[in-house]
**Q** 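Provided herewith is a single structure, encoded as structure tokens, for subsequent inquiry.
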Protein chains: 2
Amino acid sequence: MRNRKAGYGLCQGDNAYGCPVEATLDVIGGKWKGVILYHLTGGTVRFNEFRRLMPGITQRMLTLQLRELESDGLIRREVFQEIPPRVEYSLTDLGRTLEEIILAMRAWGEKYQRLSARDGAAEDAGR
Amino acid sequence: MRNRKAGYGLCQGDNAYGCPVEATLDVIGGKWKGVILYHLTGGTVRFNEFRRLMPGITQRMLTLQLRELESDGLIRREVFQEIPPRVEYSLTDLGRTLEEIILAMRAWGEKYQRLSARDGAAEDAGR
DNA sequence: CCGGATCCCAAATGATACTG
DNA sequence: CAGTATCATTTGGGATCCGG
């Protein structure tokens with residue numbers, strides 16, 4: 001992901017990028033993007049709020065992911081020049097178009113996450 | 001992804017795994033999973049068919065991803081003992097529960113992929 | 001409080017050759 | 001046809017220190 005060169009992993013008769021599914025996954029994939037977007041569906045979130053919401057993420061990764069999402073036009077970053085400083089993140093209109101997918105993913109995760117926990121619970125799943 | 005140890009990237013008050021969105025992304029994320037599942041929404045696909053559908057993927061990666069999807073109970077692998085051998089892949093019932101998300105991702109990719117192509121087209125997106 | 005910069009490791013992905 | 005096996009590379013992610 002991230003490497004948007006060209007002629008990368010094009011599938012079937014699709015154009016240069018790859019199939020649309022790949023494009024979407026490139027934007028919301030990775031370990032944190034989806035979770036970040038999910039938290040933003042609830043409204044504006046501050047930098048350190050994210051850190052509380054996602055204890056596992058490092059400052060570096062949080063900054064990186066936020067920058068990429070911003071660069072992709074999915075989120076907006078507003079800096080308030082105060083003491084102490086404050087930075088708020090929120091979804092752009094483009095970002096909001098992803099809400100449906102994000103929420104669908106959340107719903108799926110809630111339902112099936114335990115079924116496919118890879119620790120040997122996938123038996124009765126198929127067939 | 002893939003490392004389903006424990007206390008990994010838990011977010012907010014969620015349980016050990018992490019938030020549901022993360023769980024879902026863990027299952028369909030990565031560079032190929034989503035695309036593989038997408039092609040399977042059209043019906044059964046054979047191994048070398050996948051290779052034609054996804055020219056960018058190597059045999060090794062294809063095998064790996066298929067095995068993980070199978071292990072997660074999302075796809076079914078059927079071996080036909082013939083000469084020449086034949087192996088068909090298809091969605092399980094569990095896998096089919098992802099169709100909605102996959103197709104939503106495809107739709108999003110088709111619509112917005114060019115807007116957020118990271119090559120400086122994300123200007124007018126927000127605001 | 002909100003990061004940027006640097007160094008480093010582990011995991012994901014890829015190239016290539018070989019096989020039942 | 002449908003894979004394994006091995007090796008090399010790229011990338012994601014983390015630790016830590018520094019700065020406005």
Side-chain angles (χ1 to χ4, degrees), chain A residues 1-5 7-11 18 22 25-36 44-71 75-90 118, chain B residues 1-5 7-11 18 22 25-36 39 44-72 75-90 118:
Chain A
M1 306 169 188
R2 274 314 98 188
N3 244 349
R4 299 205 174 133
K5 306 301 180 187
Y8 198 57
L10 48 161
C11 67
E22 191 184 350
L25 272 175
D26 190 32
V27 162
I28 66 176
K31 192 173 176 183
W32 307 108
K33 298 265 192 76
V35 183
I36 290 174
T44 296
V45 179
R46 296 182 53 178
F47 188 86
N48 275 4
E49 270 188 89
F50 275 122
R51 297 190 62 192
R52 276 188 292 277
L53 293 168
M54 305 181 282
I57 198 173
T58 59
Q59 278 191 331
R60 172 189 144 83
M61 285 315 295
L62 182 53
T63 301
L64 251 70
Q65 305 295 308
L66 287 171
R67 286 282 141 64
E68 288 197 354
L69 289 170
E70 188 190 2
S71 169
I75 68 175
R76 175 171 28 245
R77 177 172 181 264
E78 291 182 281
V79 183
F80 296 82
Q81 270 303 357
E82 326 171 331
I83 307 283
R86 180 162 58 109
V87 179
E88 290 188 348
Y89 296 90
S90 56
R118 169 61 53 87
Chain B
M1 307 168 187
R2 277 309 99 189
N3 244 347
R4 301 204 171 133
K5 305 301 180 188
Y8 198 56
L10 48 161
C11 67
E22 192 183 349
L25 272 174
D26 190 32
V27 163
I28 65 175
K31 191 173 176 181
W32 305 107
K33 298 266 191 77
V35 183
I36 289 175
H39 288 306
T44 297
V45 179
R46 295 180 55 175
F47 189 85
N48 273 6
E49 271 189 86
F50 275 122
R51 297 189 62 192
R52 277 188 290 277
L53 293 168
M54 303 181 284
I57 199 171
T58 59
Q59 277 190 329
R60 171 190 146 82
M61 283 314 296
L62 180 54
T63 302
L64 252 72
Q65 305 294 307
L66 286 171
R67 287 283 140 69
E68 288 195 356
L69 289 170
E70 187 191 4
S71 169
D72 277 337
I75 69 175
R76 179 174 22 250
R77 177 173 181 265
E78 291 183 282
V79 183
F80 296 82
Q81 269 303 358
E82 328 170 332
I83 307 285
R86 180 160 58 109
V87 179
E88 290 187 348
Y89 294 90
S90 56
R118 168 64 51 87

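Quick note: numbers below take in every heavy atom, side chains included, and nothing from hydrogens, waters or symmetry partners.
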**Q** In whole angstrom, give the distance that lies between atom CD1 of Ile36(A) and atom C1' of dG13(D).
**A**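 From Ile36(A) CD1 to dG13(D) C1': 13 Å.
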**Q** Would you mind telling me which of dC2(C), dA2(D), dG13(D) lies closest to the side-chain atoms of Val87(A)?
**A** dC2(C)
**Q** Could you list all N or O pairs between the protein and nucleotides 18-20 of chain D that sit under 3.5 Å apart?
**A**
none

**Q** Looking at dG14(C), I'd like to know if its phosphate oxygens (OP1 or OP2) sit under 4.0 Å from a side-chain N or O belonging to Lys31(B).
**A** yes
**Q** Whole angstroms only, please: what is the CG-C1' distance between Asp26(B) and dG12(D)?
**A**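 Rounding to the nearest Å, CG of Asp26(B) and C1' of dG12(D) are 14 Å apart.
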**Q** I need the Lys33(B) NZ to Leu25(A) CG distance, nearest 0.5 Å.
**A** 10.5 Å
**Q** Can you tell me which residue pairs pass the side chain to side chain donor-acceptor pair (under 3.5 Å) test with a partner in residues 79-89 of chain A, sequence neighbours excluded?
**A** Arg77(A)-Tyr89(A), Glu82(A)-Arg86(A), Arg86(A)-Glu88(A)
**Q** Calculate the interatomic distance between Phe50(B) atom CZ and dG3(D) atom P; express it in whole Å.
**A** 11 Å
**Q** Take the protein atom CG of Leu62(B) and the nucleotide atom P of dA15(C), then report the distance between them rounded to whole Å.
**A**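 In whole Å, dA15(C) P and Leu62(B) CG are 14 Å from each other.
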**Q** With a 4.0 Å limit, can you tell me whether Arg67(B) has a side-chain N or O closer than that to the phosphate oxygens OP1/OP2 of dT4(D)?
**A** yes
**Q** Kindly give the atom pairs (protein nitrogen or oxygen, nucleotide nitrogen or oxygen) under 3.5 Å for nucleotides 5-7 of chain C.
**A**
{"residue": "dT6(C)", "atom": "O4", "partner": "Arg60(A)", "partner atom": "NH1", "Å": "3.2"}

**Q** Rounded to 10°, tell me the angle between the two end axes of the helix from dC1(C)-dG20(D) to dG20(C)-dC1(D), each built from five pairs.
**A** 50°
**Q** Counting the atoms with a prime plus P, OP1 and OP2 as sugar-phosphate, which does Arg51(B) contact under 4.0 Å by heavy atoms, base, sugar-phosphate, or nothing?
**A**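 Nothing, no heavy atom under 4.0 Å.
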**Q** Closest approach to the side chain of Thr58(A), judged atom by atom: which nucleotide of dC2(C), dA15(D), dG13(D) is it?
**A** dA15(D)
**Q** Could you check whether Tyr89(A) gets within reach of a base, just the sugar-phosphate, or nothing at all, counting any heavy atom under 4.0 Å?
**A** sugar-phosphate
**Q** Once you apply a heavy-atom cut-off of 4.0 Å, does Gln81(A) come out as touching a base, just sugar-phosphate, or nothing?
**A** nothing
**Q** Rounded to whole angstrom units, what separation is found between the CD atom of Glu78(A) and the P atom of dC2(C)?
**A**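 Answer to the nearest Å: 14 Å.
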**Q** Whole angstrom is fine here: how far is it from CG in Leu64(B) over to P in dT4(D)?
**A**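 Taking CG of Leu64(B) and P of dT4(D), I get 9 Å after rounding.
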**Q** Check Glu70(A) with Arg67(A), please: is the shortest side-chain N to carboxylate O separation under 4.0 Å?
**A**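 Result for this pair is yes, salt bridge flagged.
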**Q** Between the side chain of Thr63(B) and the main-chain N/O of Gln59(B), is any donor-acceptor distance below 3.5 Å?
**A**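 The answer is yes, because a donor-acceptor pair under 3.5 Å joins these two groups.
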